[in-house]
**Student:** 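I am attaching a structure below and will ask some questions about it afterwards.
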Amino acid sequence: MRRWGSAAGWCRAVYVVGFAEGTAAHVADLVRGGLGAYEKFPYAPVRALFLALVVLDPLVVLLLLRAPARGIAAGALVMALDLAANLAANAGDLAGAPAQTLPRMAPLLLFGAFVLSTAWPLGRSSNAEGPGPSRGSRQKAGEV
């Protein structure tokens, strides 16, 4: 993590804390509402994703700790899906009562913006398979 130096470490720490908090929030939703916890949302794919985040969020945390470059890429993908699902699920509330809805969504939106804006440079600086091709991945086998 040459270019980012110590910033890469704290960025990954923010990712870990954010995805761990997401895990806790989705587990709490399931404890309170069971498998029907997200039935109020009109779209089946959104409900399915919110249920899947109970597995996907801790998987991202595990990858960040064990295989950071893959964790960064997985985190960016999961966060993009989570943001899209939340914006779709809350579109009516955002249009009808933005002053009430935005403060409730602010932590997710801010964390999502952080992950999506740092994933590419953080992944590239790790010199591994980040969210995009690394410098070395364009070389043919046997080339230096």
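These values consider heavy atoms only, across backbone and side chains, with no hydrogens, waters or symmetry-generated copies.
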**Student:** Test of understanding: with side chain to side chain contact (heavy atoms under 4.5 Å, CB included), list the residues that count as partners of D93, not counting sequence neighbours.
**Tutor:** N90, T101, R104
**Student:** Partners of L110 by side chain to side chain contact (heavy atoms under 4.5 Å, CB included), sequence neighbours excluded?
**Tutor:**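 Once residues adjacent in sequence are excluded, L110 has no partner under the side chain to side chain contact (heavy atoms under 4.5 Å, CB included) criterion.
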**Student:** What's the spacing between L30 CG and L35 CG if we round to 0.5 Å?
**Tutor:**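 L30 CG to L35 CG: 6.5 Å, rounded to 0.5 Å.
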**Student:** Is there a path of hydrophobic side-chain contacts, each under 4.5 Å between heavy atoms, that joins L83 and V14?
**Tutor:** yes
**Student:** Pairs in or reaching into residues 79-88: which pass side-chain hydrogen bond (donor to acceptor under 3.5 Å, both in side chains), with residues at least two apart or in two chains?
**Tutor:**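 Matches after skipping sequence neighbours: D82-N86.
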**Student:** For L62, check side chain to side chain contact (heavy atoms under 4.5 Å, CB included) against everything at least two apart and list the hits.
**Tutor:**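 Residues passing side chain to side chain contact (heavy atoms under 4.5 Å, CB included) with L62: R66.
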**Student:** If you look at every heavy atom in V16 and V61, which pair is closest and at what distance?
**Tutor:**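 Where V16 meets V61 most closely, the heavy atoms are O-CG2, 3.8 Å.
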**Student:** Using every non-hydrogen atom in the two residues, find where M79 and G112 come nearest and quote the distance to one decimal.
**Tutor:** CG-CA, 3.5 Å
**Student:** Roughly how far apart are L87 CG and L109 CG, rounded to 0.5 Å?
**Tutor:**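 That separation rounds to 6.0 Å.
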**Student:** Using the side chain to side chain contact (heavy atoms under 4.5 Å, CB included) criterion, which residues pair with L77? Sequence neighbours excluded.
**Tutor:** L81
**Student:** Keeping to residues at least two apart or across chains, list the ring-ring contact (aromatic ring centres under 6.0 Å, His included) pairs with something in residues 76-112.
**Tutor:**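 For residues 76-112, and leaving out neighbouring residues, the ring-ring contact (aromatic ring centres under 6.0 Å, His included) pairs sorted by first residue read F19-F111.
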**Student:** Measuring from atom CG of L64 to atom SG of C11, what distance do you get when rounded to the nearest 0.5 angstrom?
**Tutor:** 11.0 Å
**Student:** Give me the atom names and distance for the closest heavy-atom approach of L49 to A85.
**Tutor:** CD2-CB, 3.5 Å
**Student:** Are F114 and L102 linked, directly or through intermediate hydrophobic residues, by side-chain heavy-atom contacts shorter than 4.5 Å (ILVMFWY only)?
**Tutor:**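 Same cluster: L102 reaches F114 through Ile, Leu, Val, Met, Phe, Trp or Tyr contacts under 4.5 Å.
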**Student:** According to a 4.5 Å side-chain heavy-atom criterion applied to Ile, Leu, Val, Met, Phe, Trp and Tyr, with indirect links allowed, do V78 and V55 form part of one hydrophobic cluster?
**Tutor:**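 Not linked; separate clusters.
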**Student:** Sequence neighbours left out, what pairs pass ring-ring contact (aromatic ring centres under 6.0 Å, His included) with at least one residue falling in residues 64-89?
**Tutor:**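 Pairs touching residues 64-89 that pass the test: none.
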**Student:** With side chains defined as the heavy atoms from C-beta onward, is the minimum distance between L94 and M105 less than 4.5 Å?
**Tutor:** yes
**Student:** For a quick test of reading the model, state the closest non-hydrogen atom pair linking V60 to G75 and the distance between them.
**Tutor:** CG1-CA, 3.7 Å
**Student:** So if you build clusters from Ile, Leu, Val, Met, Phe, Trp, Tyr with side-chain heavy-atom gaps below 4.5 Å, do V31 and V54 land together?
**Tutor:**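 Result: yes, single cluster for both.
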**Student:** Locate the shortest heavy-atom distance separating F50 from A89; write the atom from each residue and the value.
**Tutor:** CE1-CB, 4.4 Å
**Student:** Do any pairs count as a side-chain hydrogen bond (donor to acceptor under 3.5 Å, both in side chains) and have a residue in residues 33-57, sequence neighbours left out, and if so which ones?
**Tutor:**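 Only H26-Y38, D29-Y38 qualify under side-chain hydrogen bond (donor to acceptor under 3.5 Å, both in side chains).
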**Student:** Of the non-hydrogen atoms in V115 and A76, which two are nearest, and what is the gap between them?
**Tutor:** CG1-CA, 3.9 Å
**Student:** In the hydrophobic clustering that connects Ile, Leu, Val, Met, Phe, Trp and Tyr at side-chain heavy-atom distances below 4.5 Å, which members other than L63 occupy its cluster, ordered by chain and number?
**Tutor:** L59
**Student:** Provide the full list of ring-ring contact (aromatic ring centres under 6.0 Å, His included) pairs with a residue in residues 51-70, sequence neighbours left out, each pair given once.
**Tutor:**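 Qualifying pairs: none.
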